[in-house]
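These notes are about the structure you will find just below.
First the proteins, then the strands, lettered A, B, ... as listed; each starts at 1.
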Amino acid sequence: MKLSEIYSKYEEVLSKGNIPYIRCEDCGYVFFYPRHLCPKCNSSKLEILVSTGRGKVYASTKVFRKNEVIGIYGIVELTEGFRVYCNFKSDVEIGDEVMMSSIKVGDKYKLLAEKVK
Amino acid sequence: MISGFASAIYKKYEGSAFELMADVVSSALDMAKMKKEEIDGLFITYLPGVFDGLAYPHFFTNQVSQYLGIRPKFAEVSDYGGASALAMLYRAYKAIRANEAENVLCIIGGKGSEIRLRGVTVDSMDKLHSGISLTPFDKFFRGLDEMNPISDYALVANRHKKVFKSTDEQRALIAVKQRFNAMNNERALYRDPLTVEEVLKSPIISEPLHLLEAVYPVDGFHAFIVSKRQSQLRDLDVLAYGEAHWPEIPAELNDIVYTPAIESSKRANFNLSKVDAFQLYDSFTITVMLQVEDIGLIEKGKGGLFFEENDTSYKGNLPINTGGGSLNVGQPAYMSGGVILEEALLQLNYMAKGHQVNDVNVVFLNGIGGWNRSHSVTLVLGEKK
Ligand SMILES: [Zn+2]
């Protein structure tokens, strides 16, 4: 698969608000940040899948500018086993269960995580 | 092996970075009693924006040599950010030993103020200049509200708190202890006494990290001349060296609470009980806490306890960041490598006025670079073997 094909598939999934990821058919490694060869075993046998979006908070921080919170930034581990950077919609703690979605900001994507009640 | 060094640091330098750089190089040449034509090797480090707010991605070593008026036999950029200073010193040392050069100039610095005053950080240069990409994945990574590098280090600090039960007070104590070392250091910008309460009362930048746990980006340069030539300085040698690079986006690391210092220090493989002083990269308090663990001064997770139990002042049992570190000297051009290297040389040459450690023969340095803590360089300097 060419990187451009990965990008168009990613855009298709992300534009619907979902989270795509890649699974290596040879070694089983799962990852989000797109590469056309597996970063672990260099295999080209990769498949693009759509995540359930469910995950847990791995780390988070409230970012301030002039004493105002400008964002809650962090990392979520999805149930499929890969981790992504995201912004959180509300205050969270490590281990909290979250549901992920995506929105387009300019020409880039922002992944968002919302605490599951 | 080091025949001259110099520095100049300002909160805001009104002139050009090129001008300040050339003045600092002149001072280093004066100490080495060397003419600039004798420089035949050049190493420099560079981040976009630190030379007068502009990006110089086009043949940068050429531009530096053009301004300085030198014709080196080789000229290279060391691209490890905060760890560059230690790596270039080692590369220069190797070049001298291999007779590839006689006198190698190493330059670290620039102007932090240009970026600071525009309200961005050096790790968000893509918000200042168009056509800059920070990762191969920016479309899926750079849409976020963050403030790297501090927000990414904050993630590590929070996870360290959760996994190892370290506390905000323990991190604040690192800032307090470094401030004590800075109080009599004439090079330090911040010399007033500091308490844990004051650190914790300072504004939060990215929770849990407070303003007084973070370096202040300033304008300044350090220059070091590595040479075979005898000089007034002590004849030092590299006693141990190791580097390690973990390029991963931290979301893809096994565990973000480890840094590549764990590997670079293992590669250097030096007996820590023979060390008289440590200079550990101090972009943030958490950076120092992670390194005392990763270089093996204490087991993983107990970095906070380490600072409660040891006297890390320049008079203490385990002197660390003996001049106050870049938390107090300031961080020129968003890279502290020059600050810790200069402090090591001041200590080894008994030039550390007001904060000299007694009987210094071996100094252990560790540099960390990159918003994602990718680069670690361990360097041990001491009397020639
Ligand atoms: Zn694989």
TODO: In sequence, state the C-alpha distance, the side-chain angles, and the governing distance for A/Y85 and B/L155, and then conclude on side-chain contact (heavy atoms from CB on, under 4.5 Å).
DONE: CA-CA 11 Å; A/Y85 276 102; B/L155 297 180; 3.8 Å; yes
Open item on the list: So does A/Y109 get a backbone contact from the side chain of B/R142, meaning a donor-acceptor N/O pair under 3.5 Å?
Closed with: no
TODO: Go through A/V105, A/I72, A/D107 and name the one with the most non-hydrogen pairs under 4.5 angstrom from chain B.
DONE: A/D107
Open item on the list: Can you give me the closest heavy-atom contact between A/I70 and B/M147, atom names plus distance?
Closed with: CD1-CE, 4.1 Å
Open item on the list: So for A/N67, is it side chain, backbone, both, or neither that comes closer than 4.5 Å to the heavy atoms of chain B?
Closed with: side chain
- [ ] Would you indicate whether B/K165, at its atom NZ, is surrounded by more than 12 heavy atoms from other residues, nucleotides or ligands within a distance under 6.0 Å?
- [x] yes
Task: CD/A/E93: more than 12 non-hydrogen atoms of other groups inside 6.0 Å - done: no
- [ ] Check whether A/L14 gets within reach of chain B through its side chain, its backbone, both or neither, counting any heavy atom under 4.5 Å.
- [x] side chain
Open item on the list: Please check if the number of heavy atoms outside A/D26 that lie under 6.0 Å from its CG is greater than 12.
Closed with: yes
Task: Trace of the side-chain contact (heavy atoms from CB on, under 4.5 Å) decision for A/F64 with B/I205 - done: CA-CA 5 Å; A/F64 290 75; B/I205 307 297; 5.8 Å; no
Open item on the list: Checking B/F140 against A/Y7 for the ring-ring contact (aromatic ring centres under 6.0 Å, His included) test, could you report, in this order, the C-alpha distance in whole Å, the side-chain angles of both residues, the deciding distance, and whether it holds?
Closed with: CA-CA 10 Å; B/F140 310 108; A/Y7 267 60; 5.0 Å; yes
Open item on the list: Heavy-atom pairs under 4.5 Å with chain A - which of B/A251, B/G143, B/P250 has more of them than the others?
Closed with: B/A251
TODO: Sort A/Y10 into side chain, backbone, both or neither according to what part of it lies under 4.5 angstrom from a heavy atom of chain B.
DONE: side chain
Open item on the list: Please determine whether the number of non-hydrogen atoms from other residues, nucleotides or ligands lying under 6.0 Å from atom CZ of A/R23 exceeds 12.
Closed with: yes
Open item on the list: Would you say NZ of A/K45 has more than 12 non-hydrogen atoms from neighbouring residues, nucleotides or ligands within 6.0 angstrom?
Closed with: no
Task: Which atom of A/K110 lies closest to which atom of B/L144, heavy atoms considered - done: CG-CD2, 3.9 Å
Task: A/Y58 side-chain N/O to B/I256 backbone N/O, donor-acceptor pair under 3.5 Å - done: yes
- [ ] With a 4.5 Å heavy-atom cut-off (strictly below), which parts of residues 283-302 of chain B touch chain A? List them by number.
- [x] none
Open item on the list: Can you give me the closest heavy-atom contact between B/N158 and A/S60, atom names plus distance?
Closed with: ND2-O, 2.7 Å
Open item on the list: Need one label for B/N148: side chain, backbone, both or neither, based on atoms under 4.5 Å from any heavy atom in chain A.
Closed with: side chain
TODO: Let me know which of A/R83, A/R35, A/K40 forms a salt bridge (Lys or Arg N to Asp or Glu O under 4.0 Å) with B/E252.
DONE: A/R35
Open item on the list: So for A/V63, is it side chain, backbone, both, or neither that comes closer than 4.5 Å to the heavy atoms of chain B?
Closed with: both
Open item on the list: Looking at chain A, which one of B/I204, B/T135, B/L209 has the largest number of heavy-atom pairs inside 4.5 Å, strictly under?
Closed with: B/I204
Task: No-hydrogen, no-angle side-chain donor-acceptor test under 3.5 Å, B/S151 and A/T61 - done: no
Task: Interface moiety of A/Y29 toward chain B, non-hydrogen atoms closer than 4.5 Å - done: side chain
Task: Residue B/K127 excluded, over 12 heavy atoms near NZ under 6.0 Å - done: yes
Task: Residues A/E11 and B/K139 bridged, charged N to O under 4.0 Å - done: yes
- [ ] Give the intermediate values and the outcome of side-chain contact (heavy atoms from CB on, under 4.5 Å) for residues B/K161 and A/I94.
- [x] CA-CA 10 Å; B/K161 282 175 69 173; A/I94 291 173; over 6 Å; no
Task: N-O pairing of A/K62 and B/E146 below 4.0 Å - done: no
TODO: Please report the closest heavy-atom contact between B/D145 and A/Y73, naming both atoms and the distance.
DONE: O-CB, 3.6 Å
